[in-house]
Amino acid sequence: MSPTQTSLLKNDARGIERAANILRTGGLAAFPTETVYGLGADARNDHAVAAIYAAKGRPSFNPLIVHLPDLAAVARYCEMNETAHKLAQAFWPGAMTLVLPLRADAGISGLVTAGLQTLGVRVPQHPVASALLAAFDGPVAAPSANPSGRISPTTAAHVAAGLTGKIDAILDGGDCAVGLESTIVDCTGTPAILRAGGVPVDAIAACLGHPVLQPRDPATPKSPGQLLSHYAPRGRLRLNADHAEAHETWLGFGAVDADLNLSPRGDVTEAAANLFKMLHQLDAMGAMHIAVSPVPDTGLGQAINDRLKRAAAPRD
Ligand code: TXA
Ligand code: MG
């Protein structure tokens with residue numbers, strides 16, 4: 001990846017407008033929330049979201065949390081249910097993320113959901129985050145703003161130490177008050193805590209009036225990253241294919257004459273941006289046998305290959 005000039009922006013009106021503009025034009029802007037700093041991108045823009053993964057050097061695609069300014073905005077992208085309404089009322093804005101059914105017409109990049117039909121959403125409380133989200137007026141995908149495998153950042157200096165030269169801007173909002181990631185509650189079935197965090201589990205249970213499933217309970221859904229094939233197309237995948245047989249649909253990479261091509265010019269970041277969209281297209285085409293070109297295991301290629309291996313894993 002070529003180095004990028006990283007601007008450190010003050011949290012005044014001008015800095016917030018510049019950060020919003022960076023998001024509008026498909027760039028990456030780190031911003032403060034009350035939990036940790038997030039690395040933000042327009043959640044509707046496949047290329048911008050792929051750039052998050054590239055900047056973090058994440059070796060696999062995990063779904064990302066979408067940040068929104070208020071409940072009305074959340075309801076545009078997700079189906080709200082009674083549990084969600086209760087929790088939102090009690091804890092938003094705040095250090096809680098809800099996993100909810102994704103609306104079919106939401107327009108969220110498949111790279112944000114990692115191909116799932118659910119969305120993790122949060123309304124943060126930090127005034128700078130709120131101002132940025134209001135100015136941008138759209139969904140902001142943001143994982144913690146640290147290189148993969150490193151500690152989550154709670155100051156602008158932490159973000160700068162890890163990501164200078166890899167992102168467009170850091171909006172400085174001082175220290176994060178909570179300093180711990182949000183509590184994630186899956187509201188798509190029996191309410192379940194997927195990750196403990198800034199809002200205590202007891203407070204969630206007290207709000208709902210009954211105990212909630214916890215990560216150690218066998219009935220709790222696994223965090224998507226741990227599932228071998230959490231999203232896979234219906235067809236069988238044959239990896240590292242240098243051609244397609246007559247009965248196969250070819251998902252290509254590079255200068256090959258494939259049915260769909262992740263990146264005709266052989267660019268792994270472009271391929272990442274196209275990956276989930278094309279896996280869905282293969283389903284829509286009714287492809288039952290899919291040949292996949294080799295993808296180099298460099299940069300985002302590692303995450304792509306991780307996902308393709310999961311999708312190709314034997315299933316029942
Ligand atoms: O406090 C936070 O949550 C921070 C700030 C920036 O908002 N964000 C954060 O994001 O910690 P990240 O990417 O480091 O962690 C997101 C977690 C992952 O464990 C992911 O598996 C889970 O959220 N997640 C996101 N969407 C999900 C979904 N649809 N279903 C289940 N889990 C989901
Ligand atoms: Mg993280």
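None of the values given here were measured: they were computed from a predicted structure. Both counts, for ligands and for their atoms, begin at 1 and track the order of listing. Residue indices begin at 1 and follow the sequence shown.
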Greater than 12 external heavy atoms within 6.0 Å of E82's CD:
no

For ligand 1, find out whether one of its N or O atoms is nearer than 3.5 Å to an N or O atom of R195.
yes

Any nitrogen or oxygen of T35 lying under 3.5 Å from a nitrogen or oxygen in ligand 1? Just yes or no.
yes

Rounded to the nearest 0.5 Å, the CG atom of L300 sits from the CD atom of E270 at a distance of 12.0 Å

Which ligand 1 atoms, with their elements, are less than 4.0 angstrom from a heavy-atom of [X]?
{"X": "R122", "value": "1 (O), 5 (C), 7 (O)"}
{"X": "T118", "value": "28 (C), 29 (N), 30 (N)"}
{"X": "H67", "value": "5 (C), 6 (C), 7 (O)"}
{"X": "V99", "value": "28 (C), 29 (N), 30 (N), 31 (C)"}
{"X": "P143", "value": "10 (O), 12 (P), 13 (O)"}
{"X": "G120", "value": "26 (N), 29 (N)"}
{"X": "L194", "value": "31 (C), 32 (N)"}
{"X": "G38", "value": "6 (C)"}

With a 4.0 Å cut-off on heavy atoms, does R58 reach ligand 1?
yes

Tell me whether ligand 1 is touched by T113 - counting only heavy atoms on the residue side and a distance under 4.0 Å.
no

Evaluate the criterion side chain to side chain contact (heavy atoms under 4.5 Å, CB included) for residue pair L119 and L100; output intermediate values, then yes/no.
CA-CA 5 Å; L119 190 65; L100 298 168; 5.8 Å; no

Quick one: does D42's side chain have a donor or acceptor within less than 3.5 Å of a partner on G26's backbone?
no

Between R150 and K56, is there a donor-acceptor pair closer than 3.5 Å when you use the side chain of the first and the backbone of the second?
no

Distance-minimising heavy-atom pair for C187 and L87
SG-CD1, 4.1 Å

H126, R122, Q125 screened by side-chain hydrogen bond (donor to acceptor under 3.5 Å, both in side chains) with T35, the one that passes
R122

For ligand 1, is any non-hydrogen atom under 4.0 Å from D186's backbone (N, CA, C, O), its side chain (CB onward), both, or neither?
neither

With a 4.0 Å cut-off on N to O distance, would you call R236 and E248 a salt bridge?
no

List the residues meeting salt bridge (Lys or Arg N to Asp or Glu O under 4.0 Å) with D172, not counting sequence neighbours, and say none if there are none.
none

